[in-house]
Amino acid sequence: MRVSWFFPVGAELLRRPALWSTAVRQLFALAPNKWWRRAPFLPIPDPAYLDFRMQTAYGDSEAGPMPDDVVTYLRWVKVWPK
C-alpha cells in the first residue's frame, strides 16, 4: 500500500482539532501488539490489514483512504458507545 494518502489525510485532520485525540487513540488501537519492538518503532497498523481494508472499501489494495472517509470514520468512532 502506498503512503501518498498520508499527507492529504493529515492536512484534513489538522483542520479538525476535535478529532485529534480520537485519531491518536485509533492509531494505537489499530497498531499490532508490542509495536515498539519492531522497526519502524511506530504505532502503525499492519500493512496487510491496511491492504485488506482498502480492498474492501475501494476495491483496490493499493488505494489510500480518502480524507473525507477518514474524517467520517473518526467521527463515528468518537460517538460510538465505548
Side-chain angles (χ1 to χ4, degrees):
M1 178 175 159
R2 291 176 266 135
V3 293
S4 58
W5 58 268
F6 181 79
F7 293 107
V9 168
E12 194 67 28
L13 288 176
L14 281 176
R15 297 177 1 172
R16 293 175 168 79
L19 294 176
W20 292 356
S21 63
T22 304
V24 170
R25 276 195 317 271
Q26 281 307 107
L27 185 64
F28 282 93
L30 296 175
N33 291 336
K34 299 181 183 175
W35 56 266
W36 59 88
R37 292 185 179 182
R38 292 178 287 244
F41 310 110
L42 297 170
I44 55 175
D46 186 309
Y49 172 75
L50 291 176
D51 287 346
F52 168 75
R53 295 304 301 148
M54 294 305 102
Q55 181 68 41
T56 57
Y58 302 107
D60 180 6
S61 64
E62 291 297 316
M66 303 303 289
D68 290 341
D69 292 343
V70 174
V71 169
T72 300
Y73 168 72
L74 290 173
R75 284 181 178 154
W76 174 77
V77 168
K78 187 174 181 173
V79 299
W80 189 256
K82 297 193 176 0

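- A distance of 8.5 Å separates CG in Asp46 from CG in Asp51, rounded to the nearest 0.5 Å.
- Closest heavy-atom contact between Leu13 and Trp20: O-NE1, 2.7 Å.
- Atom OG1 of Thr72 sits about 9.5 Å away from atom CG of Leu19, to the nearest 0.5 Å.
- Side-chain contact between Asp69 and Tyr73 is absent, with no heavy-atom pair separated by less than 4.5 Å.
- With Trp5 contributing its side chain and Met66 its backbone, the two residues share no donor-acceptor pair below 3.5 Å.
- The shortest side-chain heavy-atom distance between Met54 and Asp60 does not fall under the 4.5 Å cut-off.
- Between Pro45 and Arg53 the shortest side-chain heavy-atom distance does not fall below 4.5 Å.
- The closest side-chain heavy-atom distance from Tyr58 to Pro65 is below 4.5 Å.
- A continuous path of ILVMFWY side-chain contacts below 4.5 Å connects Leu74 to Trp80, so both sit in one hydrophobic cluster.
- Nearest heavy-atom pair across Asn33 and Arg38 is O-NH2, 2.7 Å.
- Looking only at side-chain heavy atoms (C-beta outward), Val71 and Val9 stay at 4.5 Å or farther from each other.
- Scanning all heavy atoms of the two residues, the minimum distance from Trp36 to Phe41 falls at O-CD2, 3.1 Å.
- Annotation for Phe7: atom CZ does not count as buried by contact number, only 12 or fewer foreign heavy atoms lying within 6.0 Å.
- A donor-acceptor pair is defined here as one N or O able to donate and one able to accept, closer than 3.5 Å; such a pair exists between the side chain of Lys78 and the backbone of Ala18.
- For the atom pair CG (Leu27) and CH2 (Trp35), the distance works out to 8.5 Å, reported to the nearest 0.5 Å.
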